[in-house]
Amino acid sequence: MDTYDHLSLERTWQERWEAEGLYRSRVDWDKPKHYALTMLPYPSGDLHIGHWYAMTPSDARARYMRMKGNNVLFPIGFDAFGLPAEYAAVQRNIHPAKWTYENMDRMRTQLRSMGAMFDWEREAVSCDPDYYKWTEWFFKKMYEHRIAYRDEAMVNWSPTLQTVLANEQVIDGKDERTGQPVVQRMMEQWFFAITKYADELLSYPNVDWPEPIRVMQRNWIGRSEGAEVSFKTEAGDDIVVFTTRPDTLWGATFMVLAPEHPLVDSITTDGHREVVDAYRTAAASRSELERMEESRDKTGVFTGGYAINPVNDERIPVWIADYVLLSYGTGAIMAVPAHDQRDFEFARQFGLDIVPVIHPEGADALVEPAMEESYVGPGVMVNSGPIDGVETTDAKGRANPSVAAAIDWLEEQGAGKEAINYRLRDWLISRQRYWGSPVPMIYRSDGVLEAVADEDLPVILPEDLEFHGRSPLGESEEFLATTDSEGQPARRESDTLDTFMCSSWYWFRYLSPDLDSAAFDAEEAAYWLPVDTYTGGTEHAVMHLLYARFFVKAMRDMGIFDDTSAIMKQHGRDPAGLFDEPFLTLRNQGQVLGAERDGDTLVIDGDWRDGLLVASSVRVDAAAGPDAGAVVGELVRRTENVLQVATETGIVGVEVPEGTVVDISAIPGANDVHQLKPHLEVQRMSKSRGNVVNPDELVHEYGADTVRTYLMFAFEWQKGGPWDPRGIIGARRFIEDVWKLGTAVYTARSVESQATTDLRRTVHQTIAKVDSDMQEFKFNTAVAALMTLRNELLATMRSGSAEPEVWDEGREALLKLLAPIAPHITEELWRRLGNDASIHTAEFPAFDEAAARADTVTMVIQVNGKVRDRIDVDAAIGEDDAVAAALASSRVQEYLGGGEPRTVIARPPKIVNVVI
RNA sequence: GCCGGGAUGGCGAAAUUGGUAGACGCGACGGACUCAAAAUCCGUUGGGCGCAAGCCCGUGGGGGUUCGAGUCCCCCUCCCGGUACCA
């Protein structure tokens, strides 16, 4: 019996599986299919522990599905376009393509070290021309179907990234990637009309998605019901506003336009033009972030213009203010200060009229000068002409009687109409960047836009360009100069497509990554689509996952699945509803966070200066008492050479001047202040924090099987948690025990039938447990059940008390059940046991319910709900016998003291509660 | 603020959905082996009281429903994620 050598064993099997094509997936209409998909990585350079945490449990689930009899497709690829490649080009003078392809080479090796069942022959790389040819083709299709369009709009411009960004990529006024502020600009850009699908995106037909993701998407889409009302200005323009509260129109005392609103110029009177222009200039120069960081104090200026409230012909002033956003609704609001807090604050700030139109239920009528805040609760409409006396509630839209009455009245009068507004904006898909798929459009010299002809796709990214800050595409005459369909000189579009467009269809490309005649092969699609389980992080809730859903719906409507549908029907598969949603089941893993770590205990001497200790010597000494130096305590934070030290009396600041003696006995040689380790809290891993866990090192030291097992065991998968560097040893011990069991020769010594039955019961209970846990993504309890089986098998091996056949059955079950989790060691041991075929093609062990069922169980006896005794009873015990057994218990007799119980509640064979 | 998810031993976590709280693992402690250490093996391990049998307390806090609550209901605190002048 040789020892367990994870390094050579894992390498050997990875090579053999690949050589044997074990994970090639082919269409087979005689078998049920399962398309398991894990989010494809961006080739950032190195695979981190988060990739392992996302992918290896997904792989285990895919392997489990395979052993359960499914024909499984589990592909992988790279989301390979994106800005980091351009950064590398600028900063390190490496071409984005070179940087990306080199990173992918390294990551492929790392991905292979996982031992995942990826079908590498289906790999798709989004920056390959034969991939982005089809990204361009999809764009063109969208353009032809008027889903893609070019328009001028207020957009997010990132000065740092030198490009525009989609709304979804801006968080708190900062770009999602680098956290730098973005500014609002009016620009002409390319959009996808995702808002056409807003309503359909709100429902999730026949899919099993986590509720939190659905909620995030619903909030993002932000459907509001209300009305559009048109106000006439004195200058003769119409100002259309959207409101969810048309019932409060009679309380509208002024209007506010976004500073960028197109009507501002014509409304503004000459006397006010100077202040208005100044305000608009100031608003334009502020980033979203600055607008938000400023206090919520309302700012704004009067335009000098007036509009007429269509419900009561009141003349109301028109203001501009930056609390009204051009990008939401119509960019203009009617202000009802009595019943909207923002309008209320604005009115108070500038002394505008406040007219209450809701009489709160059961309270005094609102009186304007006394109001301290707006009133938004239920009540009865007052001062509201035709809807006076109508009840108003907390309900939204037409469900609120006053809103319904107001809408009906407005429509009768022709002053407004019912309307639905969405927070969702159309998807801005053009980017002023180089490393992306070119937008396949041409600007003819006569100003007409023209799509590049199909036979000329893809528009290839030129490689021989210089990289500085901005995209070199717009400056490359060679790239820009082209001819249109009539041979006239024309200019190419120099924008590229958002990389989220590449990832909005990649799972189709996996079906046939080499196909030259279409984006995907309809024969493959008819069998494999849709994706059955999709796994990945929640960070894509309103980006990738929303775009992907939109994309599939648009593809469906453009007839792209027509061939696929026809082939499905030929095979007797009903295509109805199969192209409405891309991913049937979605599961999100949590995040592995950095481990908590104590800071060094420091002993510092020096001189006090302005409450700060200027150190003359710093020493690390974990055993130091509180009086060992001027300051003694744990280093909680370090910023350059300034330390924050937690002492018994509080946090003390220490400055360590250059040249100060720093003594860290654990690190030989001369030390400096930068080697001191501060306290680390549990938080996301990042290089700058120094809490990154490197999976390559772990795999080298413990093996992929151990790393996989630990990642699946240590946390609830969908939750994640802080990495515990000590815990992995438990997984390693488990794997070593599996080796011990797998290579052991079992010798029966004193066989007892009870021990045999007990072992067999554990085996079959484990089968049932692992089966349901793998099905439900509960990997941690599946591993725990396998550890329990390991414990039993080891104990039985020592005692030799079970029949050899049963012990062997248990060992075989252990290997098969563990195979999806730890694929290498189980394969090795399986083959050593004399099996010719791979364990990964074996069937999942059959569950014998009779064997799993216990014949006797421990029944709990309670007295007044407290556990007082436990007795072993027949598992099939009836209620009367259970009660009799409980009352016969001497412990119960003690409590009864000869008396009778008031009542007895029996739930045999689990529990009997004797109530005295 | 609003929406979502949480809070269980020293730590990561279990608990067939109202029925033995703490499975499984880490760590810790005691023992065996060893000249010694590591590794390995055996045992103990929620807190308190007790020689023991056993008793009391215990799932963020407070109330409630129930024969019985980690689980259901009401109120509160804190933590994590999302989102925010959204008309």
Side-chain angles (χ1 to χ4, degrees), chain A residues 171-173 210-220 222-224 226 241-245 248 256 258 291-292 294 296-298 321-325 327-336 340-343 345-346 421-424 538-539 541-542 590-591 593 595-596 682-683 709-710 713-716 718-731 733-734 736 740 768-769 772 778 780-791 794 798 857-870 891 894 901-907 910-916:
Chain A
I171 296 166
D172 288 341
E211 190 57 24
I213 296 284
R214 299 185 194 206
V215 169
M216 279 190 242
Q217 292 198 344
R218 276 197 206 105
N219 290 343
W220 187 262
R223 179 190 156 102
S224 333
V241 302
F242 172 78
T243 174
T244 54
R245 294 305 299 268
T248 62
V256 187
R291 278 201 200 182
M292 284 190 292
E294 282 164 21
R296 295 275 161 126
D297 284 349
K298 298 284 177 290
D322 66 4
Y323 82 92
V324 173
L325 309 172
S327 57
Y328 186 80
T330 61
I333 61 159
M334 64 169 200
V336 184
D340 180 287
Q341 187 58 25
R342 292 156 299 166
D343 298 345
E345 286 165 18
F346 194 81
N421 187 62
Y422 298 93
R423 200 185 99 104
L424 181 72
T538 53
E539 66 273 19
V542 292
Q591 224 175 23
L593 303 170
E596 185 160 24
V682 170
Q683 47 190 337
T709 303
Y710 181 57
F713 175 68
F715 320 89
E716 186 189 334
Q718 314 200 28
K719 198 171 145 204
W723 177 261
D724 177 2
R726 290 180 308 191
I728 194 168
I729 193 67
R733 285 177 191 145
F734 171 62
E736 284 175 0
K740 203 184 293 178
K769 178 70 177 156
S772 65
K778 290 160 82 173
N780 55 339
T781 46
V783 175
L786 290 168
M787 286 176 167
T788 305
L789 179 58
R790 171 267 315 251
N791 292 342
L794 279 176
R798 280 192 296 271
V857 295
T858 303
M859 187 169 73
V860 170
I861 314 295
Q862 295 181 334
V863 175
N864 291 341
K866 286 187 186 292
V867 179
R868 295 302 180 192
D869 203 359
R870 295 180 172 88
R891 301 291 334 275
E894 281 170 38
R902 267 215 310 232
T903 183
V904 179
I905 288 139
R907 296 283 179 273
K910 295 201 97 152
I911 199 159
V912 176
N913 189 8
V914 180
V915 183
I916 301 173

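Just so we're clear, the structure is a prediction, and the values are computed from it rather than from any experiment. So you know, we letter chains A, B, ... as the sequences are listed, proteins then strands, and number each from 1.
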**Q** Mind checking what makes salt bridge (Lys or Arg N to Asp or Glu O under 4.0 Å) contact with A:R218, not counting sequence neighbours?
**A** A:E211

**Q** So A:N791, base contact, sugar-phosphate only, or nothing? Heavy-atom distance under 4.0 Å.
**A** sugar-phosphate

**Q** Does any N or O donor sit under 3.5 Å from an N or O acceptor when you compare the side chain of A:R726 with the base of B:G27?
**A** no

**Q** Main chain of A:T858, side chain of A:R870: is a donor-acceptor contact present, judged purely on distance under 3.5 Å?
**A** no

**Q** Any base atoms under 4.0 Å from A:R798, or only sugar-phosphate, or nothing? Heavy atoms, all strands.
**A** sugar-phosphate

**Q** When the distance from CD of A:E211 to P of B:G6 is rounded to whole Å, what number comes out?
**A** 12 Å

**Q** Need one value for A:T903: base, sugar-phosphate or nothing, where a base atom within 4.0 Å counts as base even if backbone is also close, heavy atoms only.
**A** nothing

**Q** Could you tell me the separation between the CZ atom of A:R342 and the C1' atom of B:C85, rounded to a whole number of Å?
**A** 6 Å

**Q** Side chain of A:Y328, heavy atoms from C-beta onward: which of B:C86, B:A14, B:C85 has the nearest atom to it?
**A** B:C86

**Q** Report which part of the nucleic acid A:R223 touches: base, sugar-phosphate, or nothing (heavy-atom distance under 4.0 Å, all strands).
**A** nothing

**Q** So, does A:N780 get its side chain near the phosphate of B:A14, meaning an N or O under 4.0 Å from OP1 or OP2?
**A** yes

**Q** Classify A:G590 by what it touches in the nucleic acid, base, sugar-phosphate, or nothing, heavy-atom distance under 4.0 Å.
**A** nothing

**Q** Using a 4.0 Å heavy-atom cut-off across all strands, classify A:S224 as base, sugar-phosphate, or nothing.
**A** sugar-phosphate

**Q** Can you give the dot-bracket line for RNA chain B, using ( ) for pairs inside the strand, [ ] for pairs that cross earlier ones, | for pairs with another strand and . for unpaired bases, where Watson-Crick and G-U count if both distances are under 3.5 Å?
**A** (((((((..(((......[....)))((((((.......))))))((((....))))..(((((..]....))))))))))))....

